[in-house]
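Below is one structure; the comments refer to it alone.
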Number of protein chains: 2
Amino acid sequence: MKSLPPLNALKVFESAARHLSFTKAADELHVTPGAVSQQIKALEDYIGSRLFRRTKRALLLTDAAQASLPILREAFDKLEEASRILMARGDSRRITVSVAPSLAAKWLVPRLDRFHERCPEVEVWVSADMEVVDFAVDDIDLAIRYGAGRYAGLEVELLMEESILPVCSPRLLQGDHPIRTPHDLAHHPLLHDGSPDQEDMASTNWAMWLKAAGVSDIDGKRGAKFNQSSLVIEAAVAGKGVALAKSAIALADLEAGRLVAPFDLTTPSNFSYYLVHPASKSRNAAVKAFKKWLHEEAAATGAAGLPRQPAQEAAQ
Amino acid sequence: MKSLPPLNALKVFESAARHLSFTKAADELHVTPGAVSQQIKALEDYIGSRLFRRTKRALLLTDAAQASLPILREAFDKLEEASRILMARGDSRRITVSVAPSLAAKWLVPRLDRFHERCPEVEVWVSADMEVVDFAVDDIDLAIRYGAGRYAGLEVELLMEESILPVCSPRLLQGDHPIRTPHDLAHHPLLHDGSPDQEDMASTNWAMWLKAAGVSDIDGKRGAKFNQSSLVIEAAVAGKGVALAKSAIALADLEAGRLVAPFDLTTPSNFSYYLVHPASKSRNAAVKAFKKWLHEEAAATGAAGLPRQPAQEAAQ
DNA sequence: CGTAGGCGTTAGAAAATCTTACACGAACTC
DNA sequence: GAGTTCGTGTAAGATTTTCTAACGCCTACG
């Protein structure tokens, strides 16, 4: 019987015993209280006696549990120490993320310090690539890609969906030709997003947008064209015209008031942002932490930015 | 990132590093080498670097792995110590097993010391009960029951199958009326197993056995009857006649030469021996160890005892 | 060379773990 | 003191992890 009890149950027990609360332990371990309860029960069954005395008002440790707790703590401290040693040498303290340049500039980089706050020991290298990278060649840990989600041989998960909306500088709303309906666009230059990933799907194509909006007297090809989404945004911020923008890219400038959305209208894009990486990276501690953070940021972006369009409300 | 690496992977790594061999670690942990390989790979992915240098001839630890090893060892030592404390108070050092009296006397008790050799710290209490016990009432951890395997609300697993064969003292073969064919039974008393679990299934019913053997001139009801299988065996050993015996009960006496099987014939019983216990006991360390041992003994019994009938060979 | 032993990989099976959903009791509120 | 909230306990089902089985590959050794 030299076999150890289930190790995860011990970890759960250590946490629950430290907090004297299943719920707090559940928070700490990022699981539900029910999971904690079951782990504790499993351990109690294994050792054949109870670990906690469940009194009316509080949770108390049994003598055996009490006695074992300091030793358990030491054990987990040692495990942590050992794990630090293992991680120190590995590259799990630095990850390289390949991102489309516009998303990097307008979405990722501005919030990167929040990740650094959470995980100071992980260093993030941002590689802004136009093309999809070859993981085998370029030593990339993780890529954020805008597309249809088809990346053969790699693990893919949806990060966030994208939608398209016309944006311009707030100054354009106050000039001689305020923009109220799509027809008013006739008096302003159109700014075109010619980034390569748009070529076939045409979500950010002014001609199609105008047609869908029922406007036939405006030439959809008129105006300047840029090969990166962020440049279109910069042009719009500079008051050069009206851009058909990806919301994630425009979001920061909308929130800062440098851009406004003249119409209460967003159309979903056929493409979305996906996290892509080789299967083996999915177990990497740093990659895991970074992905988790990205998902949280994306959820926050979606909740705050897309559905409610706060900047647009402010402008009207 | 205060989260620990997968704990089981660490355990596997510790073992593999200590042995410098995946295969030996696999043996120690009672898993296949493939499982070890995968756990190590998972840990390597997690920390982002290799743990072993795979050279042509040998497995070598990387520096980081080397450095972490002593600390890991300490950690697992502490875990073991903590687990000992937890187990010491619990009743996981004593288990109570309810067994049918005959199987207890003729099968379980004779080999119990082998379990004690393996797990000296576990004390086994044998409760020989005629009836199926109520786990809730009688504080039984585990029951071995002879039956059809239907025990509602409990976890059941097959321990071993039973078969039936006629047995008698070797002296009966050498007397005035040696037993060579079923017809020779006419000159000997029949010994009947009247244990309660036989009542409806009648596997050890002489009348049916004789009928199946094509013998019609012998009264199948003739002879003494006992309410426990082991008593039938004792009577047979004492030369009181020929018993229709359960092989597991007769096995020890057959192997010792105190009994022989006059015919090269065993018939399967409708009933088998089952391990029965409440679901919660299945996690108990001592119960788990005892069950594992029982299965091994049962497998050995089956291989050595039933198919080859060694005692019978010896007698002929 | 052929065979044996050990590592590595895969797909699929098995087991563990978690979540969801709900029950229950105690403490807290109004 | 009835309704709410908070925390534990349980069951069923889904998910994830882990294992086995069955290979391929390489090295060493006869």
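Within every chain, numbering begins at 1; the chains are lettered A, B, ... in the order of the sequence lines, protein sequences first and strands thereafter. These numbers come from a predicted model, not from an experiment.
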Query - Shortest non-hydrogen contact between A/Glu44 and A/Phe52, atoms and distance - result: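 So the minimum-distance heavy-atom pair works out to OE2-N, 3.5 Å.
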Query - Closest contact, heavy atoms only, A/Val126 versus A/Leu112 - result: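 In terms of heavy atoms, the two residues are closest at CG2-CD2, 3.8 Å.
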In whole Å, what is the span from the [atom1] atom of [X] to the [atom2] atom of [N]?
X        : N      : atom1 : atom2 : value
A/His30  : C/dT17 : NE2   : P     : 18 Å
A/Asp27  : C/dC18 : CG    : P     : 14 Å
A/Lys11  : C/dT17 : NZ    : C1'   : 12 Å
B/Leu51  : C/dC7  : CG    : C1'   : 15 Å
A/Arg54  : C/dA26 : CZ    : C1'   : 16 Å
A/Lys41  : C/dC18 : NZ    : C1'   : 17 Å
B/Glu157 : C/dA15 : CD    : P     : 10 Å
B/Lys24  : C/dG5  : NZ    : P     : 13 Å

Requested in this report: With rounding to the nearest 0.5 Å, note down the distance linking CD in A/Glu74 to NZ in B/Lys78.
Outcome: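 Here the interatomic distance stands at 4.0 Å.
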Query raised in the report: Can you give the first and last nucleotides of DNA chain D, 5' to 3', that have an atom under 4.0 Å from a heavy atom of chain B?
Result: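 Here the contact window of chain B covers D/dT18 to D/dA28.
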Query raised in the report: At under 4.0 Å between heavy atoms, what does B/Ser37 touch on the DNA or RNA strands: base, sugar-phosphate, or nothing?
Result: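 It contacts base atoms.
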Query raised in the report: Heavy atoms under 4.0 Å, any strand shown: does A/Thr32 hit a base, just sugar-phosphate, or nothing?
Result: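 Result for A/Thr32 = base.
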Requested in this report: Going by the side-chain contact (heavy atoms from CB on, under 4.5 Å) test, name the single residue among A/Asp141, A/Asn284, A/Leu275, A/Val97 that passes it with A/Phe290.
Outcome: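 The side-chain contact (heavy atoms from CB on, under 4.5 Å) with A/Phe290 is passed solely by A/Val97 among A/Asp141, A/Asn284, A/Leu275, A/Val97.
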Query - A/Arg114 charged N/C atom sitting above A/Trp293 aromatic ring, 6.0 Å / 45° - result: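 Ring-cation test returns no.
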Query raised in the report: Please, which pairs that meet side chain to side chain donor-acceptor pair (under 3.5 Å) have at least one residue in residues 5-14 of chain B, sequence neighbours excluded?
Result: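 Residue pairs passing side chain to side chain donor-acceptor pair (under 3.5 Å), neighbours aside: B/Glu14-B/Arg18, B/Glu14-B/Arg73.
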Query raised in the report: Among side-chain atoms of B/Glu161 and B/Ser269, is any donor-acceptor pair under 3.5 angstrom?
Result: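 Checked: B/Glu161/B/Ser269 side chains show no N/O donor-acceptor pair below 3.5 Å.
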Query raised in the report: Is the distance from OP1 or OP2 of C/dT10 to the nearest side-chain N or O of B/Gln38 less than 4.0 Å?
Result: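 Checking C/dT10 against B/Gln38, no side-chain N or O comes under 4.0 Å of OP1 or OP2.
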